[in-house]
Amino acid sequence: MSDTDRTITNAGSAAQNTAARAGDAVGDVTKRASDAAADASAKVSKTAADAASSTSDAAKRAADAASDTADRASDTAHALIDDAKGNANEAIDAIAEQANAAAAAAKEAANDGVAYVKAQYKENPGRVIAVGAAAVVALSLIIKGLRRR
């Protein structure tokens with residue numbers, strides 16, 4: 001496996017890790033929202049029971065519960081957004097780093113290939129020209145074959 005393939009594989013792994021992190025973040029958001037909804041439901045049920053004995057007291061408690069639930073939901077949403085931003089930034093940094101490494105490795109491999117061809121050309125130019133011509137013919141036959149389909 002060449003360095004370029006290894007780097008591409010690493011970039012693919014980074015993308016899969018990013019997708020897994022995003023999935024985990026969505027699962028976490030869903031769990032927190034479900035917990036907040038269950039908590040709100042419990043508070044509303046308690047408030048309804050208290051309303052039977054005291055309408056004034058129940059109204060105050062419902063307002064307090066709604067305010068608390070809204071505050072908790074807001075805090076949870078902000079925390080989830082911050083977590084998602086952090087995970088996204090980490091993933092973007094990892095992917096950018098891998099892409100830069102892949103580009104550098106590809107450039108180095110291309111430079112090595114050019115240096116090799118130049119060295120071979122100095123030793124035996126006829127062979128290099130023949131191989132190049134054969135590659136052009138093979139490429140044209142492949143393109144011609146693809147156009148027929």
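Predicted model only: the values in this text are computed from it and were never measured.
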Would you say Glu97 has more than 12 foreign heavy atoms packed within less than 6.0 Å of its CD? no

Quick check: does any side chain N or O of Ser67 sit under 3.5 Å from a backbone N or O of Ala63, one acting as donor and the other as acceptor? no

If only atom types and distance count, is the side chain of Thr76 paired as donor or acceptor with the main-chain N or O of Arg72 below 3.5 Å? yes

How long is the span from the CG atom in Asn111 to the CD atom in Glu108, to the nearest 0.5 Å? 8.0 Å

Is there a path from Val131 to Val117 through hydrophobic residues (I, L, V, M, F, W, Y) whose side chains come within less than 4.5 Å of each other? no

Separation of Ile95 CD1 from Asn100 CG (nearest 0.5 Å): 12.0 Å

